[in-house]
Amino acid sequence: MDESPARYAAVCVDHPLPQLNQLFDYRIPPELLDRVEPGCRVSVRFSNRKLKGTVLAVRDHADFAGTILPILDVIPPGPVLTAEVAELAQRIADRYAGNLADVLRLALPERKIRVEKEPPGERLPVTAPKLAHWNRYNAGEAFLRALRDGKAPRIVWNALPGEDWAARLAEAAAVAAAAGRGALLVVPDQYDVERLDRALTAVLGPDRHVTLANAMGPTPRYRSFLKALRGEVRIVAGTQVAMFAPVADLGLVAVWDDGDKNLVSLHAPHPHAREVLLTRAELTGAACVIGGFARTAQAQLLVETGWAVSAAGRRDALRAAAPRVVPIGDDADLKIDPSSSTARLPSVAWDAARKALAADRPVLLQVPRRGYVPAVSCQRCRTRALCPECTGPLRLTGPRRPPVCTWCGRVDEPHRCAECGSDRIRAVVIGAARTAEEIASAFPGVEVVESNASERLDAIPAGARVVVSTPGVEPAAPGGYGAVLLLDTWAQLTRAELTASEEALRIWMNAVALCAPGGTAVVTADGGLPVVQALIRWDAAWFAGQELADRAELGFPPVMRFAALTGLNGEAEKLAADLPLDVEVIGPIPVDEQHERVLLRVRRRDGAALAATLAKATAERAGAKAEQVRVQIDPREIA
DNA sequence: ATGTAGGATCAA
DNA sequence: TGATCCTACATC
């Protein structure tokens, strides 16, 4: 018997410390030689504790000169991290100055042993769809053709109003699968996953795809993961938790409505699904669709740098599909007056609603805030009404009800203004519930229903009906709404965030997209504003171009890359000052009593260097027991 | 983080 | 001098 050479595994240990963001060598004992493979989960001894880890490489030498411990055990069911996802995870860890261990936790779901015992299914064949309705878009057919030919076309796709986007994505996935490649489709929320699920079943037939979302629970999620890993299915549709799914032979990645905040992972280092998927497209040579009714500045940058091609609706198709969009500027008509129940709706909006209802069509009202009257002020001196106990904002919960604190729930009765002592109050913001009440009294006999984040309506039946919804949870109507009314737009437009207008256009377009062709959409905003113009002309590409130019001018993302450093007073600033890199430091601004935040700004092409420097600096600080500073690349407050 | 090695500290 | 506390340090 000849001595076979010792084998070693490079393991990423499940440990969150930044200074341990490196691979550790372990010896593979002879009895585990045939089971330890790259991508396996293993159990190891680390710093005198038993931890789990992921094997990234198996080699016949170790880089480490000290004592090398053996791998204790291999965790079934074999390799769960594919080579592609391993490389992707490293790229994302680098991009976001995060730990590989953290990113691997995003990529590998919690194990459920009973799922592993289920018999594997067989892979069902996928045939190309007979029809794929992409011909209404510039570059649409060219995209499908290239996809069918196994190439890597990349488009930023702006859907026409009323578009069945889920069906279009399902068709694209089917084309990729019929060409022998896999597809990964990521959407903002569970409702969109369900819609995509139905569209995929309709196009492909049953059992050709799986869904992957947190809401389905750990067991079905692990089942979907394994089906994708084993190649039982080639198509995965999910929320952002699916972005690292092990789709074999990836041929298409797609993200829908990439401006939606839900596409950012909830876990460190908080990568954005769009960034992960476009990295994946680059790594694998997959085609890429960044789609939505609206367009983000980030997507526009991909177009302007030539990374992707713009695919917007063709002129004739837009003319056929577009509803009439009527802007109603800020005039006397629109003043909020609690004594009048209808003053908030301009007559054009009333007319549009009345006409739609008379034609037995539903009407959608988009209202930014839920509740009855979520903010009140003093009738006499206009001071904002706050809770005398905790200074939280007071709100009204219904007609003739006393003010209630939004934070602590205290009923403030009898209410007196803290400034002038008056007991009269006025509404500052009118919520969806009050709007529904106003509408109900204006249209007696018409059913009024509400949809909001906690009580979401999925779809409504055909017929005359009024839906009052907060943004993002508007139910679809069969055949489309006869009228869509966008109310209180000032709330969104006056937000301080960098993305306020972009976000306004996104939520408006998502609502107006539900309008029937030839229907009317009324937006209560000044028609001279570029964002309103973009809605009227259904030209998200034009607006994104403007937006990107503005941001370039001002030095904002995505043209410049930002990092936020948060830590105990002075610490973040100190870390920033010590960086061996030319960065612009903005701030610090206080977060609370003890903590403050600085923003770092670099040119986009220096983003990788910034992330690398920050990862190194935080690791060194942690090693030196300095106070921890949290790093976030592309922080929410600016990007 | 967390266990450990080696130094500093202190009572006898 | 030994026992104990403390801090620096590596973790394969």
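A note on names: the letters A, B, ... follow the listed sequences, proteins ahead of strands, and every chain is numbered from 1.
dT11(C) atom C1' lies 10 Å from atom CG of Leu17(A), rounded to whole Å. Atom CG of Leu20(A) is separated from atom C1' of dT11(C) by 6 Å (rounded to the nearest Å). To the nearest angstrom, P of dC12(C) lies 11 Å from CG of Asp25(A). Spacing between atom CZ of Phe46(A) and atom P of dA10(C) amounts to 13 Å, rounded to whole angstrom units. For the pair Glu620(A) CD and dC9(C) P, the interatomic distance rounds to 14 Å; values are reported in whole Å.
Thr406(A) places a side-chain N or O within 3.5 Å of a backbone atom of Pro393(A) that can act as its donor or acceptor partner.
Residue Ala213(A) comes nearest to Gln190(A) through the heavy atom pair CB-OE1, 3.2 Å, listed as atom of the first residue, atom of the second, then distance. When every heavy atom of Asn262(A) is checked against every heavy atom of Gln240(A), the shortest pair comes out as O-CG, 3.1 Å. The heavy-atom pair separating Ala572(A) from Gly567(A) by the smallest distance is CB-N, 4.2 Å.
You can see that DNA chain B meets the heavy atoms of chain A within a 4.0 Å-exclusive cut from dA1(B) to dT4(B), reading 5' to 3'.
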Which protein N or O atoms sit under 3.5 Å from an N or O of nucleotides 5-8 of chain C?
none

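Taking a cutoff of 4.0 Å between a charged side-chain nitrogen and a carboxylate oxygen, Arg506(A) and Glu502(A) do not qualify as a salt bridge. Note on Arg456(A) versus Asp189(A): salt bridge recorded, some NZ/NE/NH1/NH2 to OD/OE distance being below 4.0 Å.
Of the candidates Arg630(A), Arg597(A), Glu571(A), Thr566(A) forms a side-chain hydrogen bond (donor to acceptor under 3.5 Å, both in side chains) with just one, namely Arg597(A).
Atom CD of Glu118(A) has more than 12 neighbouring heavy atoms from other residues, nucleotides or ligands inside a 6.0 Å radius. Within a 6.0 Å sphere centred on CG of Asp582(A), heavy atoms belonging to other residues, nucleotides or ligands number 12 at most. No more than 12 heavy atoms of other residues, nucleotides or ligands lie within 6.0 Å of CD in Glu122(A), so this atom counts as exposed by the packing criterion.
At a threshold of 4.0 angstrom between heavy atoms, the contacts of Leu69(A) are confined to the sugar-phosphate backbone, with no base atom among them.
For the segment residues 47-64 of chain A, residues with any heavy atom less than 4.0 angstrom from an atom of DNA chain C are, sorted by number, Ser47(A), Phe64(A).
Using a 3.5 Å distance cut-off with no hydrogens or angles, the side chains of His209(A) and Asp197(A) do pair a donor with an acceptor.
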